[in-house]
Amino acid sequence: MQDRSVAEPLLALEDITVHYEGKNRPAVQHASIQIAPGEITGLVGESGSGKTTLGLVAAGMLRPTTGRVLFAGRPVDMQERAGMRQHRRNVQMVFQDPAGALNPRMTIGETLEEVLYVHRVALDMRDRAQRLARRDALLDAVGLSSHLISRYPHALSGGQRQRVGIARALAVNPRLLVADEPVSALDVSVQVQILNLFKKVNAELGQTCLFVAHDLAVVRYMCARAYVMEDGIIVEEGYCHKLFSNPGHPYTQQLIQAVPDVKKGLEQRKMSLFESD
Ligand SMILES: Nc1ncnc2c1ncn2[C@@H]1O[C@H](COP(=O)(O)OP(=O)(O)OP(=O)(O)O)[C@@H](O)[C@H]1O
Ligand SMILES: [Mg+2]
């Protein structure tokens, strides 16, 4: 293991084990990760390795069987609903399937306005004019034209829907974004556009992010540091360039081999950046 600690992590998961009822082995075992403020930290592993389970713990949506969650240095009381609820205000999740994450009966405008109204963060969101201004600023930030506000989710492309999912997550000014395979359900042609949107949000807003993916090429493109997970266990961690050039664990080597031509794959995806979704 290398690069074990981050100076002052925004989020630290310490020795997390999650044992789902009825399963013989835990989905996550003694996992510790640290997320540095202002960075995109990767979590990569094959299907069933426990990435979503650990992401849900990070977001305060799943109580670990054992282990500690620290946010900005303070332990989150994961045994109490109130403690988890408070933590959830600091963290937002972006899911793999943007269609399932949006209410089909609400327009894009209504969806964003509702979040702004319910959370009433930052500006005085009781004032409708303020809400609408913030809604339009959010749409702009995620690269959506304001004429889409009256559309329903089904009338958007997958890429547009994921942009709405990101706008909705950003609406509450989260300190941490947990993105769980946010491009896996999208056409390859729009994947890079959405990856670049996450990068832009990170660079321009300083948004901290835990970025979950099964594709090591994507993690390398997105993150400076990453954790590699196999069968519920963090087997390796470190800077992505080192993970690639000098993988310490056979599983990481296996993941690298699973993406035979990483560079070529990404180049192809970058090309599609110039096509619109
Ligand atoms: N709600 C649940 N109840 C019982 N077992 C679960 C539940 N959710 C996940 N599991 C099991 O826990 C293990 C880890 O699942 P998890 O979804 O966290 O993995 P993952 O890395 O996100 O996989 P994928 O790449 O397919 O999304 C798997 O064996 C899965 O079957
Ligand atoms: Mg998953």
Side-chain angles (χ1 to χ4, degrees), residues 11-35 40-69 78-79 81 84 87-88 91-102 158 161-162 165-166 169 176-188 191 194-195 198 209-223 225-237 240 243 247 249-259 262 265:
L11 184 87
L13 302 183
E14 290 184 353
D15 204 18
I16 298 289
T17 293
V18 177
H19 205 148
Y20 289 113
E21 237 170 273
K23 293 263 169 164
N24 6 338
R25 64 190 305 268
V28 170
Q29 291 185 60
H30 303 291
S32 297
I33 69 170
Q34 299 187 334
I35 300 170
I40 303 177
T41 300
L43 179 60
V44 65
E46 287 173 324
S47 183
S49 57
K51 306 179 298 295
T52 295
T53 300
L54 198 57
L56 289 171
V57 171
M61 293 171 78
L62 179 69
R63 183 175 291 145
T65 313
T66 55
R68 287 212 307 169
V69 177
M78 297 290 274
Q79 296 313 314
R81 286 171 74 93
M84 282 174 85
H87 180 58
R88 283 203 296 271
V91 190
Q92 283 290 304
M93 253 184 120
V94 175
F95 297 96
Q96 178 173 345
D97 174 19
L102 296 173
R161 275 198 290 264
Q162 194 55 294
I166 295 165
L176 172 68
L177 209 57
V178 176
D180 188 6
E181 307 223 32
V183 301
S184 312
L186 302 177
D187 286 351
V188 170
Q191 286 185 356
I194 299 299
L195 293 179
F198 277 101
C209 185
L210 175 64
F211 195 93
V212 176
H214 62 267
D215 183 339
L216 204 50
V218 166
V219 165
R220 187 188 201 185
Y221 183 63
M222 295 301 294
C223 315
R225 276 179 69 253
Y227 292 86
V228 181
M229 207 169 183
E230 180 190 23
D231 290 340
I233 296 168
I234 303 280
V235 294
E236 189 162 9
E237 64 184 289
C240 288
L243 290 181
H249 195 277
Y251 181 71
T252 312
Q253 287 164 11
Q254 202 180 304
L255 284 180
I256 292 172
Q257 275 152 19
V259 197
V262 169

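Remember, it's 1-based here, ligands and their atoms both numbered in the order they're listed.
The protein heavy-atom contact nearest to atom 17 (O) of ligand 1 is T52 CB, 3.8 Å. The protein non-hydrogen atom at the shortest distance from atom 19 (O) of ligand 1 is G50 N, 3.2 Å. At the top of the distance list for atom 26 (O) of ligand 1, counting protein heavy atoms only, stands S47 OG, 2.6 Å. In this structure, atom 9 (C) of ligand 1 lies nearest to the protein heavy atom Y20 CE1, 3.4 Å.
A side chain to side chain contact (heavy atoms under 4.5 Å, CB included) with I234 is found for one member of L43, V28, L13, V228 and no other, namely L43.
Metal site remark for the Mg ion (ligand 2): T52 contributes an N, O or S atom at a distance under 2.8 Å.
In terms of modelled atom types and a separation under 3.5 Å, the side chain of K51 and the main chain of E46 share a donor-acceptor contact. R63 places a side-chain N or O within 3.5 Å of a backbone atom of M78 that can act as its donor or acceptor partner.
With a 4.0 Å heavy-atom cut-off, ligand 1 is reached by the backbone of E46 but not by any atom from C-beta on. Residue-level proximity to ligand 1 for E181 is carried by the side chain, the only part with a heavy atom below 4.0 angstrom.
The shortest heavy-atom contact between L177 and F198 is CD2-CE2, 3.9 Å. Pairing each heavy atom of Q191 with each of V183, the nearest pair is NE2-O, 3.1 Å.
There is no side-chain donor-acceptor pair under 3.5 Å between T65 and Y20. With 3.5 Å as the limit, one finds no donor-acceptor pair spanning the side chains of Q96 and S184. For D180 and T52, the side-chain atoms include at least one donor-acceptor pair closer than 3.5 Å.
When K51, H214, Q96 are checked for heavy-atom proximity to atom 25 (O) of ligand 1, K51 turns out nearest. The option from H19, E230, R25, K23 that lies nearest to atom 31 (O) of ligand 1, judged by heavy atoms, is K23. Closest to atom 18 (O) of ligand 1 by heavy atom, among L54, T53, L56, is T53.
Close approach of ligand 1 to A27 (heavy-atom distance below 4.0 Å) involves ligand atoms 12 (O), 13 (C), 14 (C).
Remark: distances from the non-hydrogen atoms of G48 to ligand 1 include one below 4.0 Å.
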